[in-house]
Amino acid sequence: MAAKHRAPRGTQDVLPQDSWRWQRVEAAFRDTCARYAYREIRTPLFEDTELFVHGTGEGTEIVTKQMYTFEDRGGRSLTLRPEGTPPVMRAYLEHELGAGGGIRKFHYIAPIFRYERPQAGRYRQHTQLGVEAIGAPGPDIDAEVIALFQDFLGAIGLSGAVTHLSSIGCANCRPALSAALREFFGPKLEGLCDFCRARYETNPLRILDCKVPADIEARQGAPSALNHICEECRDHFAGVRAALDALAVPYEVDPTIVRGLDYYSRTAFEVIHPSLGAKDVIMGGGRYDGLAETLGGSPTPGIGFGSGLERLLLSLGDGASPRGLEVYVAAASPEAREAAFTLTIELRRAGVPADLDYTQRSLRAQMREAARLGARFAALLGEDELKADTVTARDMNNGEQRSVPRPEIVEHLAALCAAQGEAKR
RNA sequence: GUGAGCGUAGCUCAGCGGUAGAGCGCCGGACUGUGGAUCCGGUGGUCGGGGGUUCAAAUCCCCUCGCUCACCCCA
């Protein structure tokens, strides 16, 4: 029972019975991105460790304790991509994609690796559907990426998601905001939970997000991020809201949202889905106007989001599996096996998904298999058919059978499958 | 990193000191070449791994690995 080898902790196999769900979501995302003119970018699975130390931020949770870092045989320190944005910005700068000015819009579907304790909706390897729009200061582009995501949710049929929006200020006003929060919580420090006392030092904004009842009490009257950001940030935020309203994109203002990465500024947003339990964020993102400079480029504004594919799938739940097979070819006698194999290949070459038994099982077992695989038709070959040079075609839905001359069977089944395929649409 | 719950047949689980069970699945038969219904029969497990207590351990104790959920953090 205990298999000798298992998938590493926090990773999962996507088995054939589930992979079609992944393909559906990926296809919808690519399609939505194409309509919004975001072009696909693919960056390496691993990067120089320094890219994340500088880009993501030295003090962040990701860099200090979650990276899969290793040394290659040449002594280089490399890290499995723990988030999507720095590699895209790196590629943007490396290939001078911004040359000539204007905006460049990218999308990607990329595996992400973080060393964390696995839990519902949290994995050590997960997949992010992401978008990055580099080169425009907003606020209209900020609204666009949010609109894009909501359209995508509509395309995959996910309802019930709520978009939370805030502004976390810029490099100029954030220090003042932190100072105001420390001033407010300083006298109440004793009453806060252990975690919040730590947050007081590292990131006082997070205290506003704490769920401990006493802390919720303690923060009554605390300074709100949105009241303490500078004039420019306030204007920008108002611009984002106006653009979202103009696009009829629903959202909720939520000053408690916090971003865990150093490079975020101004616009910050999350999309949550109530079906997910503790890990209910299906998309997170924001503006990162300082990142390009941090990575050695010239000042370049940018905004993007990442969305966890596994969490999207969890919130979508189960659905009926699409039918895959059209024809199952069954051999009623051992002598017919070769003819069955030949017919199967002919069907496949004619564009008809077809399969047969390879283990010499009884006709009964073959028919059971045909039903289990969801085949629309069974093609039967046995002594009688070989003698008469025919094939018996059985409609698996109603059990009707007819004898078709062998030379016509491929065309006959191909036509039937095409016709039924049309009818289904 | 912290805490809790759980690891018994392919799957879902019962058994909680005395020679391993059920349902579903799978295979076969009733139905001599025909699936999904019904009935009958059969296949199936180093009881996660290691150590200990005991005449005797799936069952009690310790360690370990894994899974799950929550905290933390985040997609």
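Chain naming here is simple, since letters A, B, ... match the order of the sequence lines and numbering starts at 1 in each.
Among the atoms of the strands shown, base atoms are found under 4.0 Å from some heavy atom of A:Glu383. Base contact: A:Leu380 has a heavy atom under 4.0 Å from a base atom. Base contact: A:Tyr123 has a heavy atom under 4.0 Å from a base atom. A:Gly130 comes within 4.0 angstrom of nothing in the nucleic acid, heavy atoms only. When heavy atoms are screened at a 4.0 angstrom cut-off, A:Gln12 is found touching no nucleic acid atom at all. Contacts of A:Ala120 with the nucleic acid, taken as non-hydrogen atoms under 4.0 Å apart, involve only primed sugar atoms and P, OP1 or OP2. Residue contacts for A:Gly10: at a heavy-atom cut-off of 4.0 Å it reaches the sugar-phosphate backbone alone, with no base atom in range. Base contact: A:Gly382 has a heavy atom under 4.0 Å from a base atom.
Spacing between atom CD of A:Gln366 and atom P of B:G35 amounts to 12 Å, rounded to whole angstrom units. Rounded to whole Å, atom C1' of B:G25 lies 13 Å from atom CD of A:Glu369. Nucleotide B:C27 holds its C1' atom 18 Å from the CE atom of A:Met367, rounded to whole Å. Distance A:Asp13 CG to B:C67 P: 12 Å, rounded to the nearest Å. Rounding to whole angstrom units, CD of residue A:Glu61 and P of B:C72 are separated by 11 Å. Per the geometry, CZ belonging to A:Arg372 stands 16 Å off P belonging to B:C24, to the nearest Å. Protein atom CG of A:Asp280 is 10 Å distant from nucleotide atom P of B:C71, rounded to whole Å. When rounded to the nearest whole Å, the span between CD of A:Glu385 and P of B:U34 equals 12 Å.
Base pairing annotation: B:G28 forms a Watson-Crick or G-U wobble pair with B:C40, both donor-acceptor distances under 3.5 Å. Across all strands shown, B:G21 forms a Watson-Crick or G-U wobble pair with B:C13, both key distances being under 3.5 Å.
Within the 4.5 Å cutoff, the side chain of A:Glu293 has no heavy atoms near those of the A:Leu291 side chain.
Spacing of P atoms, B:U59 relative to B:A20, comes out at 13 Å, to the nearest Å. Distance noted for atom C1' between B:G23 and B:U8: 15 Å (whole Å). Here the separation of B:G18 from B:G50, taken at their C1' atoms, is 24 Å to the nearest Å.
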(request) Go along nucleotides 37-44 of chain B 5' to 3' and tag each nucleotide: B for a protein heavy atom under 4.0 Å from its base, S when only backbone or sugar atoms are that close, - otherwise. (result) --------
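The minimum heavy-atom distance linking A:Thr163 with A:Pro250 is given by the pair CB-O, 3.9 Å.
Remark: A:Arg368 is not in phosphate contact with B:G25, judged by side-chain N or O atoms under 4.0 Å from OP1 or OP2. Under 4.0 angstrom from either OP1 or OP2 of B:C69 there lies no side-chain N or O belonging to A:Gln119. The shortest distance between the side-chain N/O atoms of A:Arg117 and the OP1/OP2 oxygens of B:C74 is not below 4.0 Å. Within the structure, a side-chain polar atom (N or O) of A:Ser362 is placed less than 4.0 Å from OP1 or OP2 of B:G28. Taking side-chain N and O atoms only, A:Arg361 has a distance below 4.0 Å to OP1 or OP2 of B:C27.
Residue side chain A:Lys65 does not reach the base of B:C73 through any donor-acceptor N/O pair under 3.5 Å, judged by distance alone. For A:Arg311 and B:C74, a side-chain-to-base donor-acceptor distance below 3.5 Å is present, hydrogens and geometry of angles not being considered. Contact of A:Gln66 with B:G1 (side chain to base): no donor-acceptor pair of N or O atoms is detected under 3.5 Å. Judged by distance alone, with hydrogens and angles left aside, A:Arg9 brings no side-chain donor or acceptor close enough to the base of B:C67 to form a pair under 3.5 Å. The base of B:U34 sits with one of its N or O atoms less than 3.5 Å from a complementary donor or acceptor on the side chain of A:Gln401.
Between A:Arg90 and A:Glu47 a salt bridge is recorded (basic side-chain N to carboxylate O distance below 4.0 Å). The pair A:Glu40-A:Arg42 counts as a salt bridge, with a side-chain nitrogen and a carboxylate oxygen less than 4.0 angstrom apart.
With ring centers used as reference points, A:Phe106 lies 6.0 Å or more from A:Tyr38.
Under a cutoff of 6.0 Å and an axis angle of 45°, A:Arg124 and A:Tyr115 form a cation-pi pair.
The one candidate from A:Glu132, A:Gln128, A:Arg39 that meets the side-chain hydrogen bond (donor to acceptor under 3.5 Å, both in side chains) condition with A:Tyr108 is A:Glu132. Tested against A:Tyr251 for a side-chain hydrogen bond (donor to acceptor under 3.5 Å, both in side chains), the candidates A:Arg241, A:Gln150, A:His164 yield a single pass: A:Arg241.
Nearest nucleotide to the A:Glu116 side chain, out of B:C73, B:G35, B:G66: B:C73. Of the candidate nucleotides B:C73, B:G33, B:A75, B:G33 has the atom lying nearest to any side-chain atom of A:Ala332. Side-chain proximity of A:Met396 to B:A75, B:G33, B:G35: nearest is B:G35.
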(message) One pair to check against side chain to side chain donor-acceptor pair (under 3.5 Å): A:Arg287 and A:Ser167. What are the steps and the verdict?
(response) CA-CA 9 Å; A:Arg287 177 157 284 284; A:Ser167 172; over 6 Å; no
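Legend: residues meeting side chain to side chain donor-acceptor pair (under 3.5 Å) with A:Thr64, ordered by chain and number and at least two apart, are absent.
Place A:Thr392 and A:Pro118 on RNA chain B by their nearest nucleotides, and A:Thr392 ends up nearer the 5' end.
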